Amino acid sequence: MATNPSFQLFSSSNNKPNLGLGFFDSSEPTLSPPPPSIEVLSSEVSSSVKYTVEPVNLDGLTLFKGRVSTKEVFGLPNSDLVPGIYEGGLKLWEGSLDLVKALRTEVQNGHLSFEGKQVLELGCGHGLPGIFACLEDAAVVHFQDFNAEVLRCLTIPNVNANLSEKCQPDPAAEARFFAGDWGEIHQILPHAHESEMNLNSSSKHGQATGYDVILMAETIYSISAQRNLYGLIKKCMIHPHGVVYVAGKKHYFGVGGGTRQFLSMLEKDGVMAASLITEVADGSSNVREVWKLSYK
């Protein structure tokens, strides 16, 4: 496992509150307005789409992964994604498995505890990292995906399959599900702020608000979406001890994103520090990484 105490790309940080970074300023195709943000109740699980389940072994930890048809759910061929319509949530991406393995190691090494924590998984799809947090006694785990259909047809059944198997009689975590775009979803997330990180932000009862741990895998492939994603993190991450674990490829060829490009944005903004948790170069794809973000 590779470890690096901090990632530094620029010699000095940029204190501008808005991320007017050059690689975001190029013109991009205009997408249709995103669907409205909604909470999807666990009782809204789809009964009309065929859901099958199979085990996946993660270095001795066995979880369940569901499988549904993209064509059956969206009327689309088995494509990875269609920007603005379907963002790939029905596919089990490698980074999700990398993230669960990294989280398990962090817990075993005493660097992370989910017990009693409020956890948010962004771009959840199958929800395996969030499911792991549930199994590690998190108090709250909220799952977010762009598509409500992904939550109804895959995420909720997958959470149920894993927790009903492993948590008897009932899982301790409050699991809730939210669909919507990263630019708007903060409006309905129970522990998010209305604006980006305010270090003095607190609830009316004097307690800090936000999520203790934010998890995300394969969410940084799109340069055009990264501003909203980073802004959402700053609206959701509790200060001063909140952390983010992000898994992704070093470079997403053809779409422009990647871990290093995302981290350069963070460095220029100057609010958060990043530490490399693990690097995966197994030959199955280009190099994948898991990073931990925290407030400076």
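Bear in mind that the values here come from a model prediction, so they are computed numbers and not experimental data. Any value given below was found using the heavy atoms of this structure, including those in side chains, with hydrogens, waters and symmetry copies removed.
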Among the clusters formed by ILVMFWY side chains lying less than 4.5 Å apart, do [X] and [Y] turn up in the same one?
X: Val244; Y: Leu122; result: yes
X: Val140; Y: Leu41; result: no
X: Phe146; Y: Phe74; result: no

**Message:** Would you say CZ of Arg67 has more than 12 non-hydrogen atoms from neighbouring residues, nucleotides or ligands within 6.0 angstrom?
**Reply:** no

**Prompt:** Does atom CD of Glu44 have more than 12 heavy-atom neighbours from other groups under 6.0 Å away?
**Reply:** yes

**Asked** Can you list the steps and then say if His191 with Thr209 is a side-chain contact (heavy atoms from CB on, under 4.5 Å)?
**Response** CA-CA 6 Å; His191 303 295; Thr209 57; 5.8 Å; no

**Message:** Can you tell me how the ring of Phe177 sits relative to the ring of Phe143, calling it parallel under 30°, perpendicular over 60° and tilted otherwise?
**Reply:** parallel

With no hydrogens and no angle check, is any side-chain donor or acceptor of [X] less than 3.5 Å from a backbone partner on [Y]?
X: Glu87; Y: Asn147; value: no
X: Asn162; Y: Asn158; value: yes
X: Asp145; Y: Gly125; value: yes
X: Glu121; Y: Gly130; value: yes
X: Tyr51; Y: Ser46; value: no
X: Asp59; Y: Lys101; value: no
X: Glu184; Y: Pro36; value: no
X: Tyr221; Y: Glu218; value: no

Can you give me the closest heavy-atom contact between [X] and [Y], atom names plus distance?
X: Gly89; Y: Leu154; result: O-CD2, 3.5 Å
X: Leu99; Y: Ala217; result: CD2-CB, 4.2 Å
X: Ala102; Y: Ile277; result: CB-CG2, 4.2 Å
X: Val243; Y: Ser294; result: CG1-CB, 4.4 Å
X: Cys134; Y: Val141; result: SG-CG2, 3.6 Å
X: Val290; Y: Leu276; result: O-CD1, 3.6 Å

**Prompt:** Do NZ/NE/NH1/NH2 and the carboxylate oxygens of Lys50 and Glu72 come within less than 4.0 Å?
**Reply:** no

**Prompt:** Ion pair present between Arg260 and Glu289, side-chain N to carboxylate O less than 4.0 angstrom?
**Reply:** yes

Could you measure the distance from the [atom1] atom of [X] to the [atom2] atom of [Y]? Nearest 0.5 Å is fine.
X: Tyr230; Y: Asp269; atom1: OH; atom2: CG; result: 3.5 Å
X: Leu120; Y: Phe178; atom1: CG; atom2: CZ; result: 9.0 Å
X: Leu229; Y: Ile185; atom1: CG; atom2: CD1; result: 12.5 Å
X: Thr52; Y: Lys65; atom1: OG1; atom2: NZ; result: 10.0 Å
X: Leu293; Y: Tyr245; atom1: CG; atom2: OH; result: 10.0 Å
X: Leu63; Y: His126; atom1: CG; atom2: NE2; result: 11.5 Å

Non-hydrogen side-chain atoms of [X] and [Y] separated by less than 4.5 Å:
X: Val246; Y: Ile233; answer: no
X: Leu128; Y: Leu92; answer: yes
X: Leu163; Y: Leu135; answer: yes
X: Trp182; Y: Gln144; answer: yes
X: His193; Y: His186; answer: no
X: Phe132; Y: Val107; answer: yes

**Worked check of side-chain contact (heavy atoms from CB on, under 4.5 Å) between Asp98 and Thr278** = CA-CA 9 Å; Asp98 296 338; Thr278 188; 5.8 Å; no

**Message:** Between Leu58 and Arg104, is the side-chain contact (heavy atoms from CB on, under 4.5 Å) condition met? List the steps.
**Reply:** CA-CA 10 Å; Leu58 302 170; Arg104 190 176 184 221; over 6 Å; no

**Step-by-step side-chain contact (heavy atoms from CB on, under 4.5 Å) determination, Leu90 to Val150** = CA-CA 6 Å; Leu90 298 179; Val150 169; 3.9 Å; yes

**Asked** Is there a salt bridge (Lys or Arg N to Asp or Glu O under 4.0 Å) between Lys117 and Glu136 once you walk through the steps?
**Response** CA-CA 10 Å; Lys117 300 293 179 60; Glu136 290 292 322; over 6 Å; no

**Complete:** From the list Lys235, Gln118, His142, side-chain hydrogen bond (donor to acceptor under 3.5 Å, both in side chains) with Tyr211 holds only for His142

